[in-house]
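Heads up, the thing below is written out as structure tokens.
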Amino acid sequence: MLTSLTTLIPLAATAEGEEEGGSFLVEPGVGLMLWTLLVFGIAMVLLSRLAWPKIAEALDKRQRAIEESIDAAERTKKESADLLEEYRERLKEARTQAEDIVARARRAGEEHQRESQEKAKVQREELMEQTRRDIEAETRRAIQEIRREVADLTVAATEKVTRKTLTEDDQRRLVEEALSELDFSSLSKN
């Protein structure tokens with residue numbers, strides 16, 4: 001039916017154009033306008049019944065797909081923002097923990113250093129005390145050795161001077177006299 005209408009319109013137009021002697025496109029006639037409106041209306045009805053519902057359905061489907069894509073993109077963006085915020089929180093916690101670990105390690109190092117210094121001080125004092133005791137023992141031993149030597153020399157000198165052997169009581173008395181004349185106190189103080 002549409003094809004028959006399209007063939008009738010040019011024929012009617014050519015008939016009118018030939019009657020007036022000019023171009024029917026320059027001076028449109030009422031008949032041509034009516035036919036054009038009629039064909040246009042029929043085309044609109046056919047399109048509205050056959051093509052537009054499918055086009056509208058396709059457009060709706062496309063719109064829903066775009067809206068779903070936008071929703072998915074927004075969800076993804078929100079998830080990304082949440083993940084970023086979570087990552088920042090974890091990073092902040094990690095930095096705090098790292099700072100705590102460094103502070104604890106620093107305190108432990110300082111405590112260890114202080115303990116080592118105290119231990120070294122105690123060991124040094126113990127060594128100094130042991131050295132003092134050793135020196136005092138050696139001094140006493142040396143003084144005893146000197147006393148014995150002095151006693152032996154005194155007895156020997158006395159026997160040579162008197163040209164006789166002394167009794168044990170004489171030896172003891174001479175040794176005590178000789179030792180009392182010597183000052184050993186200055187040796188023991190050092």
Side-chain angles (χ1 to χ4, degrees), residues 51-190:
W52 285 355
K54 291 182 179 178
I55 292 172
E57 182 181 339
L59 288 175
D60 288 342
K61 194 175 184 180
R62 177 75 177 156
Q63 181 180 0
R64 283 193 301 273
I66 290 171
E67 287 173 354
E68 288 174 1
S69 295
I70 290 171
D71 290 343
E74 287 178 359
R75 281 193 306 272
T76 303
K77 182 180 176 183
K78 186 178 182 315
E79 289 174 2
S80 297
D82 292 344
L83 285 175
L84 181 62
E85 185 64 29
E86 183 180 340
Y87 169 75
R88 286 181 179 160
E89 287 293 324
R90 286 185 180 181
L91 185 62
K92 187 178 177 181
E93 289 175 8
R95 283 184 181 158
T96 303
Q97 289 178 352
E99 289 173 359
D100 288 344
I101 290 170
V102 168
R104 278 188 276 156
R106 185 176 298 132
R107 283 194 301 269
E110 290 172 356
E111 181 68 23
H112 180 69
Q113 182 180 9
R114 188 180 57 75
E115 288 175 0
S116 296
Q117 287 175 345
E118 289 178 2
K119 190 181 287 184
K121 185 178 177 182
V122 168
Q123 286 179 345
R124 186 185 69 209
E125 289 176 1
E126 287 176 357
L127 283 174
M128 291 293 289
E129 186 63 31
Q130 181 65 34
T131 303
R132 274 190 218 110
R133 285 193 301 261
D134 291 345
I135 289 171
E136 287 176 7
E138 284 296 318
T139 302
R140 282 193 299 272
R141 190 184 62 76
I143 289 172
Q144 290 298 327
E145 188 76 23
I146 290 170
R147 284 182 172 198
R148 255 192 318 269
E149 289 292 325
V150 168
D152 290 343
L153 288 174
T154 303
V155 169
T158 305
E159 285 178 348
K160 280 190 179 180
V161 169
T162 59
R163 296 184 187 249
K164 66 176 187 176
T165 305
L166 299 174
T167 63
E168 194 166 317
D169 290 336
D170 291 337
Q171 285 180 5
R172 188 176 309 135
R173 185 181 46 82
L174 282 174
V175 167
E176 287 177 3
E177 285 176 6
L179 290 176
S180 65
E181 290 176 2
L182 295 175
D183 185 19
F184 291 104
S185 63
S186 62
L187 293 175
S188 63
K189 288 181 181 176
N190 294 330

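Numbers for residues simply follow the sequence, beginning at 1. All figures in this text were calculated on a predicted structure; none of them were measured in a lab.
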Decide, yes or no, whether a salt bridge links [X] with [Y] under the criterion of side-chain N to carboxylate O below 4.0 Å.
| X | Y | answer |
| --- | --- | --- |
| Arg64 | Glu67 | no |
| Arg133 | Glu136 | no |
| Arg90 | Glu93 | no |
| Glu118 | Lys121 | no |

- Given the rule in the side-chain contact (heavy atoms from CB on, under 4.5 Å) test, do Gln63 and Leu59 qualify, once you have shown the distances and angles that lead to the verdict? CA-CA 6 Å; Gln63 181 180 0; Leu59 288 175; over 6 Å; no
Atom pair [atom1]/[atom2] of [X] and [Y] - distance to nearest 0.5 Å:
| X | Y | atom1 | atom2 | result |
| --- | --- | --- | --- | --- |
| Ser116 | Gln123 | OG | CD | 9.5 Å |
| Leu153 | Ile146 | CG | CD1 | 11.5 Å |
| Lys78 | Leu83 | NZ | CG | 10.5 Å |
| Glu79 | Glu74 | CD | CD | 12.0 Å |
| Asp134 | Leu127 | CG | CG | 10.0 Å |
| Glu89 | Leu84 | CD | CG | 10.5 Å |

- Task: Assess whether side-chain contact (heavy atoms from CB on, under 4.5 Å) is satisfied between Gln144 and Arg141, documenting all intermediate values.
- Result: CA-CA 5 Å; Gln144 290 298 327; Arg141 190 184 62 76; 5.7 Å; no
- Item | side chain to side chain donor-acceptor pair (under 3.5 Å) contacts in which one or both residues fall within residues 94-108, not counting sequence neighbours |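 Output for this query is empty, none listed.
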- Assess the side chains of Glu126 and Gln130: does a donor N or O sit below 3.5 Å from an acceptor N or O?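 Side-chain D/A pair, Glu126 to Gln130: absent.
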- Would a 4.5 Å heavy-atom cut-off, applied to side chains only, mark Arg147 and Ile143 as touching?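 When only atoms from C-beta onward are counted, Ile143 and Arg147 do touch, with a gap below 4.5 Å.
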- Less than 4.5 Å apart, any side-chain heavy atom of Met128 and any of Arg132?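 Yes. Closest side-chain heavy atoms under 4.5 Å.
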- Test log, rule side-chain contact (heavy atoms from CB on, under 4.5 Å), inputs Arg88 and Lys92: CA-CA 6 Å; Arg88 286 181 179 160; Lys92 187 178 177 181; over 6 Å; no
